[in-house]
Chemist: 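Before I ask anything, here is the structure I am working with.
Every number for a ligand or one of its atoms is a count from 1 in the order of the listing.
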Amino acid sequence: MLANKTAVITGSTSGIGLGCARAFAEKGANVVINGLGDADEIEKTRAAIEADFGVRCTYSPANMLKGDEIAGMIADAEKEFGGVDILVNNAGIQFVSPVDEFPVDKWDAIIAINLTSAFHAIRAALPGMKSKGWGRIINTASAHALVASPYKSAYVAAKHGIAGLTKTVALEVAQQGITVNAICPGYVWTPLVEAQIPDTMKARNMTEEQVKNDVMLAAQPTKQFVTIEQVAGYAVFLCSDTASSITGSILPIDGGWTAH
Ligand code: NAD
């Protein structure tokens with residue numbers, strides 16, 4: 001389905017981004033992975049994508065805090081593969097604190113990585129997509145693009161911001177074969193989430209089930225985590241011809257969270 005396409009996925013050395021990279025590769029796309037982490041581990045991840053799916057996979061170390069490095073990542077991908085057809089703006093970080101105590105450097109980093117990096121990547125990738133008359137931009141937002149939670153002011157502001165960016169760019173390119181959408185996951189079962197369970201059990205004197213249901217899934221009516229594969233499958237669907245009329249949409253995949 002995606003043979004001869006190239007996908008750049010920011011923040012894809014782990015979690016949802018890596019799931020998207022592998023799902024696109026499974027459909028035949030060449031992929032550029034990006035993110036932080038141990039160099040040997042990243043190389044293993046990159047090589048596994050090539051071995052498992054018979055596509056080409058390169059790694060970009062671009063730091064999502066730096067606009068020039070983000071533009072360089074897109075330019076390198078265009079040079080290497082002849083264009084960027086699919087861009088997934090996925091890199092993200094979180095920090096939790098009351099707003100009046102929120103560290104300024106954390107606010108700046110969250111806005112830069114979770115929001116401004118998408119602007120830089122879109123700005124760099126759009127001219128190539130326009131010249132091909134085809135493109136797919138998918139922004140990994142969050143249920144927090146639609147609703148708020150206390151103590152997450154920077155994250156919620158960045159994710160609401162990415163919803164606005166998604167709609168604006170979608171309108172600008174609506175007649176050029178390019179769709180722009182935001183996927184809004186609820187709580188996703190990632191290694192990062194799994195790793196928080198033992199500490200929370202200890203801190204709150206709870207069982208594993210209580211931590212999952214009463215803390216993590218408190219807002220998620222299904223009481224089921226969203227899976228990485230479900231989010232990645234949604235992203236693949238948005239790249240299909242069937243989805244070509246879906247644009248400017250802020251799309252929840254959140255087990256009913258935002259139905260509250
Ligand atoms: P994760 O920590 O597994 O992945 C984040 C990725 O971003 C990693 O590859 C990391 O290296 C990269 N990254 C962080 N800072 C970077 C920087 N400065 N430069 C380049 N890369 C950087 O987390 P995840 O849960 O897979 O999150 C991915 C996206 O999904 C984020 O935007 C997050 O807000 C969103 N999201 C996650 C959940 C969830 O429950 N896990 C829910 C909703 C939305």
Chemist: If you take the nearest heavy atom of each of Gly35, Ala143, Pro191, Ser60, which one is closest to atom 21 (N) of ligand 1?
Modeler: Gly35
Chemist: Among Ile113, Ile16, Thr45, Val88, whose heavy atom sits nearest atom 26 (O) of ligand 1?
Modeler: Ile16
Chemist: For Asn90, state whether at least one heavy atom is located under 4.0 Å from any atom of ligand 1.
Modeler: yes
Chemist: For Asn114 and ligand 1, does the shortest N/O to N/O distance drop below 3.5 Å?
Modeler: no
Chemist: Take atom 36 (N) of ligand 1 and look for protein heavy atoms under 4.0 Å from it; say yes if you find one, no if not.
Modeler: yes
Chemist: Is ligand 1 under 4.0 Å from a heavy atom in the side chain of Gln94, in the backbone, in both, or in neither?
Modeler: neither
Chemist: Below 4.0 angstrom from a heavy atom of Ser14, which ligand 1 atoms are there? Numbered from 1 as shown, please.
Modeler: 1 (P), 3 (O), 4 (O), 8 (C), 9 (O)
Chemist: Of all the non-hydrogen atoms in the protein, which one sits nearest to atom 22 (C) of ligand 1, and at what distance?
Modeler: Leu36 CG, 3.8 Å
Chemist: Taking Val96 as the fixed residue, which of Tyr155, Tyr151, Phe102 is the one that meets the side-chain contact (heavy atoms from CB on, under 4.5 Å) rule?
Modeler: Tyr151
Chemist: Counting neighbours of NZ on Lys167 that are heavy atoms of other residues, nucleotides or ligands and sit closer than 6.0 Å, is the number greater than 12?
Modeler: no
Chemist: Could you name the option among Thr13, Val188, Ile110 that has the heavy atom nearest to atom 40 (O) of ligand 1?
Modeler: Val188
Chemist: Return yes when atom NZ of Lys66 has more than 12 non-hydrogen atoms of other residues, nucleotides or ligands closer than 6.0 Å, and no otherwise.
Modeler: no
Chemist: Does ligand 1 have an atom under 4.0 Å from some heavy atom of Gly186?
Modeler: yes
Chemist: Does some non-hydrogen atom of Tyr155 fall short of 4.0 Å from ligand 1?
Modeler: yes
Chemist: Going by the atom numbers of ligand 1, which of them fall below 4.0 Å from some non-hydrogen atom of Asn63?
Modeler: 17 (C), 18 (N), 19 (N)
Chemist: Determine, using heavy atoms of Ser12 and all atoms of ligand 1, whether some pair is separated by less than 4.0 Å.
Modeler: yes
Chemist: For His144, state whether at least one heavy atom is located under 4.0 Å from any atom of ligand 1.
Modeler: no
Chemist: Between ligand 1 and Leu65, is the shortest N or O to N or O distance under 3.5 Å?
Modeler: no
Chemist: May I ask whether Ala62 places a heavy atom under 4.0 Å from ligand 1?
Modeler: yes
Chemist: Report yes or no: does Ser117 have a heavy atom closer than 4.0 Å to ligand 1?
Modeler: no
